[in-house]
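Working notes, beginning with the structure itself.
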Amino acid sequence: MDKLTNSPAWQDLAEHANMLRCMHLSDIVKRDEARGQRDYLNAVSLSVNFARQRMLPETWQLLYALADQQGLAKSIEAMFTGEAINHTEGRAALHTALRAELDEGLVQDNAPVYAQVREQLARMEVMVAKIRAKQWRGFSGLPITDVVNLGVGGSDLGPNLAVSALKEGDELIRTHYLSSMDGAKTAALLSQLDPHTTLFVFASKTFSTIDTLANAKTALEWLVCGGATKALAYKQHFIGVSANAKKMTEWGIHPDNQLFFWDWVGGRYSMWSTIGLTIAIALGMDKFRAMLRGASDMDQHFRSSVWSENIPVRMALATVWNRNFLHIHGKAILPYDARLALLPAYLTQLIMESNGKSVDIEGNRIEYRTCPIVWGEVGPNAQHAFYQLLHQGTEVVTCDFIAPVHRPDIEAEPDVPTRRALAFQHQLAMANLLAQSTVLMLGNDALKKAPEEAYRYYAGNQPSNTILLKQLDPYCLGALIAMYEHQTFAEAMIWKINPFDQWGVELGKQIAVTTMNALDSGDLSGLDITTQAIIAQWSQL
Ligand code: F6P
């Protein structure tokens, strides 16, 4: 048996779960009316209610004991102080330093962390000001109107989420995001843009990701076809953002147009770095800094709060409880605000690329479950899509219901009829959020009343968190995302896995190179027989 599953804190939880598993959440809630008031936390403009978890007060105590046993406090300090906790790559994971307000004197690779971060932010600010003031000009002298971020994974999802969540429709510069290697969306977007006035941000930590290289090559060809010389295309139409200065230079990014970040920033934790350039271009540097402040305040909350008052830690412990003791395999992210439509995609990378691991930090295969399958969708849309499975399927799923409480955009001038209609819509969404999570919790007893109508039965007993933001602004979004980062980290520390590497994505990349070479040469003999068959079948279409 694994050391972890054999440990006292784990065994205590297992025993407690055996007792609790036969209690329906509706009974738990009925017997403990104080839980709604007690099991919630309010910090950094977020309020998280855990009352709909299948837990008793003592469950939390047993989970805090597990956190202590697993040395969570020490791990948190190790992360914040820059220890090389990403041991398979021999690196620190210092995304928190990207938003730190004070210089803690950290040093990485013989360089001062805080000073480097400030220097790159200052360079980024100069570029942003120039672009937003329409002083960044294209090859023919016209000002840039459109900026296209070329990046994938962590070099795409965070900026794309932040801009789509926070833009207000009056942007000085339009921003666009191209990630997928297939080029289909690239073709469609480029056909709508003008090469004279389009700037590309080549965003890639490694500067060797084939997806982004392919999109950048197409963009370069498009600029040249549109009349730019190669030299002017490189100089006036590309900014590079990377941790690999050498590769940026080799590709052709002009030295003045290079922004840096560092190996000690994980790709999926990089939106706070210069990777956030397009956020600042779209929204302005002040809003980007406000986002950093929200994240930084969440960092302080995570680092200094006791477990019972610590939002990310309690979120993580709820995951461990649901995953390892109630054996729930799925987790749905359900924002009740369409501006957060990209949050589920962002969190699938953050959570699953971080914690989709089955080897512990000592290199042993582990037997207990780690990361659940995470997916999601804007809640009101998902109600008309996959909620059927949530309510009546055979899988139990945990849910995060997320919404902003205030909508300053509609709260001002409430008597304007359109505003009144919008306020109604906001309330409608909140009512639905509450109704859906209530049904998931309580179910119904229709079966008892009319056994012949079993199809009307809702089992309930499905746990959820209710996560409310004061409002959807840069500060609150920063805090929300940092909360999920720390939740993910705390889960990994309990499971004793490394959340900062992603070796599971490497083999597929290698095989793709072999396959590409085979397609190029026409010699398929090195490919497995099923691949050969599928390629042969292409010609039948
Ligand atoms: O393939 C996975 C991955 O390495 C992610 O971890 C990363 O966010 C993404 O690819 C993009 O990498 P890069 O920023 O180096 O282009």
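Just so you know, ligand 1 is whichever comes first in the structure, and atom 1 is the first atom listed for that ligand.
- Residues Met516 and Ile210 fail the side-chain proximity criterion, which asks for heavy atoms closer than 4.5 Å.
- Residue contact check: Ser204 has heavy atoms under 4.0 Å from atoms 13 (P), 14 (O), 15 (O), 16 (O) of ligand 1.
- For the pair Met291/Leu283, no side-chain contact is recorded, criterion being any heavy-atom separation below 4.5 Å from C-beta on.
- To the nearest 0.5 Å, atom CD1 of residue Ile481 and atom CG of residue Leu343 are 7.0 Å apart.
- Aromatic ring orientation, Phe500 versus His95: tilted (interplanar angle from 30° to 60°).
- Here Gln502 has side-chain heavy atoms under 4.0 Å from ligand 1, and that is the only part of it that gets that close.
- Among protein heavy atoms, atom 15 (O) of ligand 1 sits closest to Thr206 OG1, 2.6 Å.
- Counted by atom type alone, Glu491 and Gln487 present one or more donor-acceptor pairs between their side chains at under 3.5 Å.
- Checked by distance only, ligand 1 and Thr212 stay at 3.5 Å or farther apart across all their nitrogen or oxygen atoms.
- Counting only N and O atoms by type, the side chains of His87 and Asp501 include no donor and acceptor under 3.5 Å apart.
- Of the options Arg268, Lys509, Glu353, the smallest heavy-atom separation from atom 5 (C) of ligand 1 is shown by Glu353.
- Side chain of Asn324 to main chain of Arg369: a donor-acceptor pair is present (N/O by atom type, distance under 3.5 Å, no hydrogens or angles).
- In this structure, atom 8 (O) of ligand 1 has a protein heavy-atom contact shorter than 4.0 Å.
- If you check each of Val152, Asn244, Leu350, Thr209 against atom 13 (P) of ligand 1, the one with the closest non-hydrogen atom is Thr209.
- Of all atoms in ligand 1, listed by their number and element, those nearer than 4.0 Å to a heavy atom of Ser155 are 13 (P), 14 (O).
- With a 4.0 Å cut-off on non-hydrogen atoms, Val505 touches ligand 1 through its side chain and not its backbone.
- Those atoms of ligand 1 that come under 4.0 Å of a heavy atom in Gly153, given as number and element, are 8 (O).
- Looking at ligand 1, you'll find an N or O of Gly154 within less than 3.5 Å of one of its N or O atoms.
- Looking at Thr278 and Tyr177, their side chains do bring a donor and an acceptor atom within 3.5 Å of each other.
- Using 4.0 Å as the threshold, Gln349 has a heavy atom nearer than that to some atom of ligand 1.
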